[in-house]
Student: 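Input: one structure, supplied below.
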Amino acid sequence: MSNHLSLIERDRLAVAGIEKLRFFPLAVVEGEGCWLIEDGGRRLIDLSATWTASGLGHGHPKILEAMMRAARRPAGAGGLSAVHPDSVGFAEELLALTPGSGDRRVYFGHAGTDANDVVLRACRKATGRRRIIAFHHGYHGGMGVAMRVSGVHIDAGVAADPDLYLATYPNPFRPHVDGPDPVKASVEASLDEIGRELAKGDVACLMVEPILSDGGLVVPPKGYLRALHALCRKHKVPLAVDEVKMGLGRPGVLHAFQLDGIVPEIVTFGKVIGGGLPLSAAVGPAEILDGPAASALLTTAGNPICTAVGRQVMRTLIEEDLPARAKETGSYFMASLRKCQAASDVIGDVRGHGLAIGLELVTDRKSNGRDRKLTQRTVYRAFELGAVVHYVGGNVLEITPPLTISRDEVDIAVGILDQAIKDAKAGRVDDAAVAQFAGW
């Protein structure tokens with residue numbers, strides 16, 4: 001048995017299946033920039049960036065330097081019962097870099113899940129109201145309240161929070177209302193639906209993704225988030241924008257909510273903010289996040305190593321102008337994919353902002369029927385050809401490479417994806433092998 005297969009088998013026997021989401025037998029021993037390296041030296045271009053957590057690539061020298069510097073003489077192991085310069089400094093920097101007004105505070109955690117969970121619970125406590133509005137096919141976390149308001153998990157059988165209302169997220173490629181302008185009609189229907197719920201006066205928080213990521217990388221129509229925020233303000237309900245996966249430079253701006261020109265009351269961060277380490281944050285009003293004391297306890301949250309790295313991540317995003325780079329490279333990436341689409345009858349849509357790109361695979365471009373099997377075969381074949389890409393929403397390739405990807409690397413990626421789709425359609429993929437990796 002090869003070392004690669006041995007590692008896969010050892011994982012099967014030792015690591016709990018409850019925490020696995022596998023699409024192909026990926027076993028890597030190193031990473032470098034936009035590449036992952038298997039035992040034996042095979043290199044795969046990383047088009048996931050570990051679901052965006054490795055947004056600055058693998059082994060970025062500035063991140064490594066910050067990590068090592070903080071680890072040599074760490075000031076304890078958390079921020080629960082002590083303060084240190086990096087936790088306080090990082091909080092101050094996040095407040096400065098996140099648009100907003102009034103008296104605000106920063107919560108530090110380990111993952112987007114806990115940041116969203118804490119925000120939702122804090123909104124309930126501060127407002128005295130119970131109901132939460134979120135969206136069908138949305139994702140806000142894998143535990144607690146955050147999991148129970150995530151449409152993706154509810155679709156899979158998780159019990160919904162009893163005080164949850166799931167609204168319809170408008171999808172321009174698949175409008176849910178007919179008419180002469182179905183996209184406009186879908187937006188109006190979604191806003192009317194949410195307006196009726198807000199008017200009941202019992203909503204503690206509305207949480208939304210600026211791009212519906214795990215639900216199929218759905219980009220809402222321009223102006224939707226602005227209208228949604230106006231509704232929330234009318235009914236005095238805080239809008240919490242979940243930027244965990246789609247924020248911090250990836251969409252071609254620092255914050256994804258800036259694409260629609262809004263300043264939400266609450267913003268949550270995760271994934272890229274930790275540079276590969278467990279770190280999350282929420283920025284919001286002091287009246288919501290300041291109390292009661294000890295109601296969100298994580299012993300090692302705000303620890304000196306993760307916060308030092310977080311500070312360097314934010315500096316690097318600004319100093320290297322990675323949002324602008326993502327906008328430029330992402331435009332090139334999408335233009336290249338659309339050339340593939342023009343020659344294909346199974347690429348239904350290419351959409352996104354910056355380096356948050358969705359490629360939707362369909363049975364044919366006349367019916368635009370979702371083709372889950374083709375998508376599963378495609379991501380498996382892409383792995384065989386040397387690329388790591390996952391799917392979301394059942395039939396959408398989620399393309400979220402490190403923000404540092406070059407044009408030459410984009411060309412390599414597009415070539416692999418194009419060939420993988422063609423091979424999958426032609427039946428050049430072993431369905432028995434694919435069946436071992438269920439994905440979503």
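Because only heavy atoms are used, hydrogens play no part in the values below, and waters and symmetry mates are left out as well, while side chains stay in. Remember, predicted model here, so these are calculated numbers, not experimental data.
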Student: Using the salt bridge (charged side-chain N to carboxylate O under 4.0 Å, His left out) rule, take Arg325 and Glu320 through it: C-alpha gap first, then chi angles, then the decisive distance, then the call.
Tutor: CA-CA 8 Å; Arg325 181 168 169 178; Glu320 298 186 7; 5.0 Å; no
Student: Please check if the side chain of Arg351 supplies one atom and the backbone of Leu217 the other of a donor-acceptor pair under 3.5 Å.
Tutor: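 Answer holds: yes.
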Student: Walk me through whether His137 and Leu166 qualify under side-chain contact (heavy atoms from CB on, under 4.5 Å).
Tutor: CA-CA 9 Å; His137 315 305; Leu166 286 179; over 6 Å; no
Student: Say you draw a straight line from OG of Ser87 to CG of Asn303; how long is it, rounded to the nearest 0.5 Å?
Tutor: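 Answer rounded to 0.5 Å: 9.5 Å.
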Student: Could you tell me which non-hydrogen atom of Ala70 sits nearest to which non-hydrogen atom of Ala308, and how far apart they are?
Tutor: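 Taking every non-hydrogen atom into account, CB-CB, 3.6 Å.
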Student: Looking only at heavy atoms, what is the nearest atom pair of Ile421 and Leu374, with distance?
Tutor: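 Of all heavy-atom pairs spanning Ile421 and Leu374, the closest is O-CD1, 4.4 Å.
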Student: Taking it one step at a time, do Phe23 and Tyr391 satisfy ring-ring contact (aromatic ring centres under 6.0 Å, His included)?
Tutor: CA-CA 9 Å; Phe23 297 80; Tyr391 66 85; 5.0 Å; yes
Student: Output yes when a side-chain donor or acceptor of Lys222 lies under 3.5 Å from a complementary backbone atom of Leu259, and no otherwise.
Tutor: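 Yes: the side chain of Lys222 pairs with the backbone of Leu259.
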Student: Say whether Glu209 and His140, considering side chains only, have a donor N or O and an acceptor N or O under 3.5 Å apart.
Tutor: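 No.
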Student: Which label fits Phe257 and His255: parallel for a plane angle under 30°, tilted from 30 to 60°, or perpendicular past 60°?
Tutor: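 Aromatic pair Phe257/His255 classed parallel.
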Student: Students often mix this up, so state it plainly: with edges at 30° and 60°, are the rings of Phe135 and Tyr169 parallel, tilted or perpendicular?
Tutor: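 Perpendicular, since the angle between the ring planes exceeds 60°.
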Student: Looking only at non-hydrogen atoms, find the nearest pair between Ala189 and Val177 and report the distance.
Tutor: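 Between these two residues, the closest heavy atoms are CB-CG2, 3.7 Å.
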Student: Considering residues, nucleotides and ligands other than Asp178, do more than 12 of their heavy atoms fall under 6.0 Å from its CG?
Tutor: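 Atom CG in Asp178 is not crowded, with 12 or fewer foreign heavy atoms closer than 6.0 Å.
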Student: How far apart are the closest heavy atoms of Pro221 and Val183, and which atoms are they?
Tutor: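 Looks like CG-CG1, 3.8 Å.
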Student: May I ask you to say whether Arg196 pairs ionically with Glu193, meaning some side-chain N is under 4.0 Å from a carboxylate O?
Tutor: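 Looking at Glu193 together with Arg196, the answer is no, because their closest N to O distance does not fall below 4.0 Å.
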Student: Is the shortest side-chain N to carboxylate O distance from Arg22 to Asp11 below 4.0 Å?
Tutor: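 Yes, this pair counts.
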Student: Between the side chain of His153 and the main-chain N/O of Gly141, is any donor-acceptor distance below 3.5 Å?
Tutor: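 Yes, because the side chain of His153 sits within donor-acceptor range (under 3.5 Å) of the backbone of Gly141.
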Student: Quickly, which of Met67, Arg315, Glu319 forms a side chain to side chain contact (heavy atoms under 4.5 Å, CB included) with Lys62? Name it, please.
Tutor: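 Among the candidates, only Glu319 passes.
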Student: Can you find a side-chain donor-acceptor pair between Tyr139 and Asn116 that sits under 3.5 Å?
Tutor: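 No, Asn116 and Tyr139 have no side-chain donor paired with an acceptor closer than 3.5 Å.
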Student: Determine whether a donor-acceptor pair (N or O, by modelled atom type, separation under 3.5 Å) exists between the side chain of Arg131 and the backbone of Tyr165.
Tutor: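 The answer is no, because no donor-acceptor pair under 3.5 Å joins these two groups.
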Student: When you measure from the side chain of Asn395 to the backbone of Glu360, do you find a donor-acceptor pair of N or O atoms at a distance under 3.5 Å?
Tutor: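 Between the backbone of Glu360 and the side chain of Asn395 there is no qualifying donor-acceptor contact (under 3.5 Å).
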Student: Counting only N and O atoms by type, is there a donor-acceptor contact under 3.5 Å from the side chain of Arg104 to the main-chain atoms of Thr98?
Tutor: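 Pair found, side chain donor or acceptor close to backbone of Thr98.
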Student: Under a 4.5 Å cut-off applied to non-hydrogen side-chain atoms, are Val396 and Leu361 in contact?
Tutor: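 SC-SC contact between Val396 and Leu361 ruled out.
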Student: Report the distance from atom CG of Leu231 to atom CD1 of Ile133, rounding to the nearest 0.5 Å.
Tutor: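 The distance works out to 9.5 Å.
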Student: Heavy-atom count check: over 12 atoms from other residues, nucleotides or ligands less than 6.0 Å from Lys20 NZ?
Tutor: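 Yes, because the 6.0 Å sphere around NZ of Lys20 holds more than 12 heavy atoms from other groups.
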Student: Under 30°, 30 to 60°, or over 60°: which ring-plane class applies to His390 and Trp51, parallel, tilted or perpendicular?
Tutor: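 Answer is parallel, since the angle falls under 30°.
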Student: Just by modelled atom types, is the Asp260 backbone N or O under 3.5 Å from a matching donor or acceptor in the Arg226 side chain?
Tutor: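 Judged by distance alone, yes, a pair lies under 3.5 Å.
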Student: Which pair of non-hydrogen atoms, one from Thr268 and one from Asp242, has the smallest distance, and what is that distance?
Tutor: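 The answer is OG1-CA, 3.3 Å.
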Student: Without hydrogens or angle criteria, can the side chains of Asn171 and His176 be said to hold a donor-acceptor pair below 3.5 Å?
Tutor: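 Short answer, no.
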Student: Between CG of Leu120 and CE of Met207, what distance do you get to the nearest 0.5 Å?
Tutor: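 It is 4.0 Å, given to the nearest 0.5 Å.
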Student: Could you tell me which residues satisfy side chain to side chain donor-acceptor pair (under 3.5 Å) with Ser190, sequence neighbours excluded, listed by chain and number?
Tutor: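 With sequence neighbours excluded, Ser190 shows a side chain to side chain donor-acceptor pair (under 3.5 Å) to Tyr224, given in chain and number order.
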Student: Side-chain polar contacts of residues 276-299 - donor-acceptor pairs under 3.5 angstrom, sequence neighbours left out - could you list them?
Tutor:
{"residue": "Ser280", "atom": "OG", "partner": "His110", "partner atom": "N", "Å": "3.3"}
{"residue": "Ser280", "atom": "OG", "partner": "Ala111", "partner atom": "N", "Å": "3.2"}
{"residue": "Ser280", "atom": "OG", "partner": "Ala111", "partner atom": "O", "Å": "2.9"}
{"residue": "Ser280", "atom": "OG", "partner": "Asp114", "partner atom": "OD1", "Å": "3.2"}
{"residue": "Asp290", "atom": "OD1", "partner": "Arg105", "partner atom": "NE", "Å": "3.3"}
{"residue": "Asp290", "atom": "OD2", "partner": "Arg105", "partner atom": "NE", "Å": "3.1"}
{"residue": "Asp290", "atom": "OD2", "partner": "Arg105", "partner atom": "NH2", "Å": "3.4"}
{"residue": "Ser295", "atom": "OG", "partner": "Pro292", "partner atom": "O", "Å": "2.7"}

Student: For Gly348, is there any backbone N or O sitting under 3.5 Å from a side-chain donor or acceptor partner on Gln341?
Tutor: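 Yes.
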Student: Just do the salt bridge (charged side-chain N to carboxylate O under 4.0 Å, His left out) check on Asp86 and Arg69 with the steps written out, would you?
Tutor: CA-CA 12 Å; Asp86 279 318; Arg69 184 173 61 248; over 6 Å; no
Student: I'd like to know if the side chain of Arg121 and the backbone of Val145 have a donor-acceptor N/O pair within less than 3.5 Å.
Tutor: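 No, Arg121 side chain to Val145 backbone: no donor-acceptor pair under 3.5 Å.
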Student: CG/Leu254 to CG/Leu322 distance, rounded to the nearest 0.5 angstrom?
Tutor: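 With rounding to 0.5 Å, CG (Leu254) is 10.0 Å from CG (Leu322).
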Student: I need the full list of salt bridge (charged side-chain N to carboxylate O under 4.0 Å, His left out) pairs touching residues 362-378, with sequence neighbours left out, sorted by first then second residue.
Tutor: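 Counting only pairs at least two positions apart or across chains, the salt bridge (charged side-chain N to carboxylate O under 4.0 Å, His left out) contacts touching residues 362-378 are Arg377-Asp431.
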Student: With rounding to the nearest 0.5 angstrom, report the OG1 to CG distance, Thr127 to Asp202.
Tutor: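 Separation between the atoms: 9.5 Å.
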Student: Which value, rounded to the nearest 0.5 Å, describes the distance between Leu97 atom CG and Leu317 atom CG?
Tutor: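 Going from the CG atom of Leu97 to the CG atom of Leu317 covers 9.0 Å.
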Student: Could you pull out the closest heavy-atom pair between Ile45 and Ala413, with the gap in Å?
Tutor: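 For Ile45 and Ala413, the tightest heavy-atom pair comes out as CD1-CB, 4.3 Å.
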Student: Give a yes or no on whether the backbone of Phe269 and the side-chain of Glu243 come within a donor-acceptor separation of less than 3.5 Å.
Tutor: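 No; zero donor-acceptor contacts below 3.5 Å.
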